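Here the structure comes first, spelled out in structure tokens, and everything after it is commentary.
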Amino acid sequence: MGRWGFLISFEGVEGSGKTTLAKGLYNRFLEEGFKTVFTREPGGTRVGERIRSILLERDFPLDPWAEALLLIAARRENVKEVIYPALADGHIVITDRFSDSTFAYQGYGRGLPLKPLSRVNKIGTNGLKPNLTFLVDLPVEVGLSRIEGRELDTIEREELEFHQRVREGYLKLARRAKKRFYVLDGTRKREELIEEVYNVSIAHLEQKGGLNKYRKKR
Ligand code: Z5A
């Protein structure tokens, strides 16, 4: 277990800036000589990217459980092929979305019951949970206005109330797991946010085995 790495997830509604922050943190870690891997959900593997296209580029309705099961299947592949091997090799793994997305979107957004969703999700994750989750919170109108003008995917085209339920759901999840979640105000400047995300991550890594454990050998 001495070599076991550290898993950081980024969560938030559309246009919250979580991808910008996740990639910003990843690049900063690389510059500082940390062993780090970036992945995203749905995606991260060949099957995951195909599932992503099915879900986000579809123009046909899909049963909410079918949607959840496809997302969890993609997660299982990502955990098995990318996340778990990198953690076993002592890397810091940064994932743009993870299980909390399923609870927020399919649970709170689509209305699927959380308990069974959580049980099925456990098969996808093999019980793996992030060590640290950044929730980038902001009013959904602000997030949606940031992505205006680009071609919207199937979930982005959902009604405003759906996105509001997702935002509220995320905030409930964060209140329930205060130790793991760090909530950021996504309306702030991105440079400031990247700095904060980096400093908070460093503090957690120091507590969990010290920084040298995660540095590349020179
Ligand atoms: N989904 C799900 O339902 N269930 C699940 O279990 C999982 C996913 C895993 C794809 O996710 C979809 O999958 C998603 C949920 C669903 N819903 N949809 N659609 P995704 O993460 O790939 O897609 P997304 O949420 O739509 O991401 P996004 O639109 O790329 O947004 P973002 O990652 O939050 O933001 P960004 O790309 O970093 O930034 C958006 C824009 O804002 C961009 O122009 C930036 O330059 C700008 N930006 C970023 N930060 C700032 C700040 N601080 N100020 C001003 N402007 C900023």
Side-chain angles (χ1 to χ4, degrees), residues 9-27 38-45 47-58 62-79 82-83 94-112 114 117-118 120-125 128 130 133-160 162-167 169-170 173 184-197:
S9 61
F10 279 81
E11 298 284 355
V13 293
E14 273 61 55
S16 58
K18 61 174 178 47
T19 303
T20 305
L21 292 184
K23 289 196 172 154
L25 181 64
Y26 172 67
N27 288 327
F38 180 87
T39 188
R40 70 167 181 177
E41 291 200 354
T45 64
V47 168
E49 292 297 332
R50 289 218 189 161
I51 290 178
R52 182 183 181 90
S53 312
I54 295 173
L55 290 177
L56 300 180
E57 291 165 22
R58 73 193 150 88
L62 187 62
D63 172 80
W65 265 113
E67 180 182 66
L69 291 168
L70 283 169
L71 285 157
I72 292 167
R75 179 159 307 129
R76 180 151 174 110
E77 277 293 296
N78 199 21
V79 167
V82 181
I83 299 179
I94 297 174
T95 181
D96 186 352
R97 297 194 181 281
F98 198 58
S99 303
D100 296 303
S101 285
T102 307
F103 303 137
Y105 282 82
Q106 281 64 48
Y108 289 100
R110 300 261 191 248
L112 292 183
L114 287 177
L117 200 55
S118 171
V120 180
N121 185 58
K122 213 167 175 181
I123 301 173
T125 61
L128 186 71
T133 297
F134 288 105
L135 170 59
V136 193
D137 178 54
L138 88 180
V140 294
E141 296 85 346
V142 177
L144 291 171
S145 74
R146 284 185 187 166
I147 58 173
E148 240 172 40
R150 84 176 184 198
E151 204 184 324
L152 297 185
D153 67 43
T154 319
I155 295 180
E156 284 165 347
R157 288 196 297 270
E158 285 289 338
E159 64 202 7
L160 199 63
F162 172 84
H163 296 290
Q164 261 148 1
R165 286 197 299 278
V166 172
R167 181 189 183 197
Y170 266 132
L173 293 168
L184 296 154
D185 173 358
T187 62
R188 288 166 54 206
K189 289 202 178 78
R190 71 190 87 186
E191 297 73 24
E192 262 177 47
L193 287 168
I194 292 178
E195 199 55 31
E196 184 164 345
V197 156

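In listed order, ligands and their atoms are each counted from 1. None of these values were measured; they are calculated from a predicted model.
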Please check if the side chain of [X] supplies one atom and the backbone of [Y] the other of a donor-acceptor pair under 3.5 Å.
X: Arg167; Y: Val140; value: no
X: Thr95; Y: Phe98; value: no
X: Arg157; Y: Leu152; value: yes

What residues form a salt bridge (charged side-chain N to carboxylate O under 4.0 Å, His left out) with Glu14, not counting sequence neighbours?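 Applying salt bridge (charged side-chain N to carboxylate O under 4.0 Å, His left out) to Glu14 gives Arg97.
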
Quick one: does Lys23 get within less than 4.0 Å of ligand 1, heavy atoms only?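 Distance cut 4.0 Å: Lys23 fails for ligand 1.
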
Close approach of Glu67 to ligand 1, heavy atoms, under 4.0 angstrom: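 No; Glu67 lies far enough from ligand 1 that no heavy-atom distance drops under 4.0 Å.
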
Region of [X] engaging ligand 1 - heavy atom pairs below 4.0 Å:
X: Leu55; result: neither
X: Glu191; result: neither
X: Ala104; result: neither
X: Gln106; result: side chain
X: Lys18; result: both
X: Asp153; result: side chain

CZ/Arg50: more than 12 non-hydrogen atoms of other groups inside 6.0 Å: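 Not buried by this count: 12 neighbours or fewer within 6.0 Å.
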
Flag atom 43 (C) of ligand 1 as yes if some protein heavy-atom distance to it falls below 4.0 Å, otherwise no.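 Given the 4.0 Å cut-off, atom 43 (C) of ligand 1 does not count as touching protein heavy atoms.
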
